[in-house]
Protein chains: 2
Amino acid sequence: MKKSESLPSGMALRAVLLLERLSRLVRAGDHASGLAPAQWEALRYLARANRFSRTPAALADYLGATRGTVSQTLIALEDKELVRKTGSSRDRRSVELSLTSGGVALLEHDALKDLARDIDASGEADGLAQGLQAALHQALVRRGGRAFGVCRTCRHFRPGGRGDKAGKPHHCTLLDEPLSDADASLVCFEHT
Amino acid sequence: MKKSESLPSGMALRAVLLLERLSRLVRAGDHASGLAPAQWEALRYLARANRFSRTPAALADYLGATRGTVSQTLIALEDKELVRKTGSSRDRRSVELSLTSGGVALLEHDALKDLARDIDASGEADGLAQGLQAALHQALVRRGGRAFGVCRTCRHFRPGGRGDKAGKPHHCTLLDEPLSDADASLVCFEHT
DNA sequence: GCCTATAGTATCGACTCAATACTAAATCGC
DNA sequence: GCGATTTAGTATTGAGTCGATACTATAGGC
């Protein structure tokens with residue numbers, strides 16, 4: 001038989017239900033402020049991503065959405081003058097995204113902060129962050145292992161060891177550390 | 001000045017970000033299976049709600065959505081023959097919702113279970129559930145206190161003390177316990 | 001019986017999202 | 001170098017979400 005594939009515990013089920021409910025609250029908060037949830041997520045991402053990561057493709061990866069979807073969201077944000085697009089000089093196909101001053105200002109009133117304050121008030125911030133981190137790690141590992149991201153596919157990863165620089169292997173621009181060929185195939189906790 | 005209203009801690013912010021990311025994973029899983037996330041949520045709710053709570057209005061409350069939105073979602077689910085509507089005999093305006101056998105069968109493969117298994121694997125199920133519970137409680141209290149639900153607005157609440165039954169006050173059909181007038185104004189953890 | 005509150009539906013407009021199809025630029029393979 | 005493949009991004013379409021608004025019908029207070 002196909003069997004039940006190790007039934008999840010009641011406690012885990014309970015946690016997932018709570019998680020859905022909480023995230024729905026955040027979305028409701030998002031919506032109240034004029035922007036759609038996905039638009040907020042894009043702004044949040046852009047505020048946290050390094051300069052290699054502020055592209056539509058990286059955003060699509062982060063959100064787990066297709067590029068087409070992200071493209072639409074970005075058009076909406078550009079129309080609202082919260083995000084600016086500038087062609088990359090390195091790669092003429094590519095686009096550099098940046099927040100406008102309006103976008104930055106808007107993030108000051110991010111509804112996420114309300115929930116963060118609630119979490120602080122609950123006194124469970126540390127345990128919650130730890131539990132979520134572990135759960136996310138597991139979830140990403142399960143879904144192909146790819147999602148947490150091996151460095152090779154990471155925006156922070158710069159390949160090396162080509163041509164005359166054959167000595168230096170690869171490089172992570174976030175941690176500013178060299179990476180061996182083997183390291184480069186491992187998941188990066190700080191992956192885009 | 002308006003001031004920053006007690007900046008949330010970095011840890012809480014981190015937790016919120018993780019929460020969004022995790023819930024996005026669940027949504028992606030939902031979507032992959034043909035139904036939209038909101039439709040899944042409706043099915044999940046109907047599977048867990050008691051008979052007083054299986055109405056469009058209660059579902060709208062639970063989801064934090066408007067009745068119009070829920071009405072649309074239910075139409076889609078009815079078209080797919082996952083949910084059935086039957087007019088209530090108590091109140092001819094009202095509709096009783098129930099899962100069809102197809103709806104029940106579909107819930108067997110709920111993508112939520114995958115994440116629940118991930119949480120089990122992370123070994124953080126207890127801490128996570130506890131943290132989420134506390135955070136949700138705080139969040140609901142903040143947003144007017146109404147959301148967790150005072151018994152008066154709860155589907156499990158049956159008013160009493162009218163006419164010849166003036167002795168017995170109110171009653172909660174879920175816990176099967178009488179409720180004083182004061183109790184009835186307090187939040188109920190098991191609220192719809 | 002009237003008046004108001006409530007249950008639910010219909011419709012509209014902005015947005016999400018996947019799928020598909022497309023253009024243009026970079027990179028590889030030889 | 002030069003053609004084939006890969007990759008970055010956009011346009012379009014169709015199903016669905018969601019709030020707002022307006023509507024019908026029933027319930028319940030007085």
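Predicted model only: the values in this text are computed from it and were never measured. Throughout, a chain's letter reflects where its sequence line sits, starting with A, and its residues are numbered from 1.
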Response to the item:
Whole-Å distance, A:Asp61 CG to D:dT7 P, equals 12 Å

Fill in: Short side-chain N/O contact to C:dT9 OP1/OP2 from B:Lys85, under 4.0 Å
yes

Worksheet item: Within this structure, what is the CD-to-C1' distance between B:Gln72 and D:dC23, rounded to whole angstrom?
Response: 14 Å

Worksheet entry | N/O (side chain, B:Lys80) to phosphate O (OP1/OP2, D:dG16) under 4.0 Å | yes

Item to complete: Return the angle between end axes of the helix from C:dG1-D:dC30 to C:dC30-D:dG1, with five pairs used per end and rounding to 10°.
Response: 30°

Discussion item. Looking at B:Thr73, I'd like to know whether one of its side-chain N or O atoms comes within less than 4.0 Å of OP1 or OP2 on D:dT17.
Written reply: yes

Worksheet item: B:Arg24 has an atom CZ; how far is it from atom C1' of C:dC17, in whole Å?
Response: 10 Å

Worksheet item: Mind checking whether A:Ile75 and A:Val83 sit in one hydrophobic cluster, side chains of I, L, V, M, F, W, Y counted as touching below 4.5 Å?
Response: no

Worksheet item: Rounded to the nearest 0.5 Å, how far apart are CG of B:Leu115 and CG of A:Leu17?
Response: 11.0 Å

Worksheet item: Whole Å only: how far is the CD1 atom of B:Ile75 from the P atom of D:dC18?
Response: 15 Å

Scan nucleotides 21-26 of chain C against the protein and return all N/O pairs shorter than 3.5 Å with their distances rounded to 0.1 Å.
residue : atom : partner : partner atom : Å
C:dA26  : OP1  : A:Arg92 : N            : 2.8

Worksheet entry | Given DNA chain D, 5'-ward residue of the pair B:Gly34 and B:Gly64, judged by closest heavy atom | B:Gly34

Practice prompt. State whether the side chain of A:Ser122 and the backbone N or O of A:Ile119 hold a donor-acceptor pair below 3.5 Å, judged by distance alone.
Written response: yes

Worksheet item: Are any side-chain N or O atoms of A:Ser88 and backbone N or O atoms of A:Val95, one a donor and one an acceptor, separated by less than 3.5 Å?
Response: no

Worksheet item: Atom CG of B:Leu63 to atom P of D:dC18: distance rounded to whole Å?
Response: 8 Å

Worksheet entry | Under-4.0 Å salt bridge between B:Asp120 and B:Lys113 | no

Fill in: Length of the CZ-C1' vector between B:Arg27 and C:dA18, whole Å
16 Å

Practice prompt. Report the residue (A:Gly68 or B:Gly68) whose heavy-atom-nearest nucleotide on DNA chain C is the more 5′ of the two.
Written response: B:Gly68

Discussion item. Just the rounded figure in Å: distance from C1' of C:dA7 to CG of B:Leu59.
Written reply: 14 Å

Response to the item:
Between CH2 of B:Trp40 and C1' of C:dT16 the distance, given in whole Å, is 20 Å

Discussion item. Please confirm whether the shortest side-chain N or O distance from A:Thr66 to OP1 or OP2 of C:dA19 is below 4.0 Å.
Written reply: no

Practice prompt. Could you tell me whether the side chain of A:Thr69 has a donor or acceptor atom within less than 3.5 Å of a complementary atom in the base of C:dA18?
Written response: yes

Discussion item. Side-chain N or O of B:Gln39 versus OP1/OP2 of D:dT17: is the shortest distance under 4.0 Å?
Written reply: yes

Worksheet item: Quick one: is B:Ser94 getting a side-chain N or O under 4.0 Å of the C:dG8 phosphate, OP1 or OP2?
Response: yes

Item to complete: Just call it for A:Ala36: base, sugar-phosphate, or nothing, with non-hydrogen atoms closer than 4.0 Å on any strand.
Response: sugar-phosphate

Discussion item. According to side-chain contact (heavy atoms from CB on, under 4.5 Å), who are the partners of A:Ala129, at least two apart in sequence or on a separate chain?
Written reply: B:Met11, B:Ala15

Worksheet item: Does a side-chain N-to-carboxylate-O contact under 4.0 Å join B:Glu41 and A:Arg21?
Response: no

Worksheet item: Salt bridge check: are A:Glu78 and A:Lys85 linked by an N-O gap of less than 4.0 Å?
Response: yes

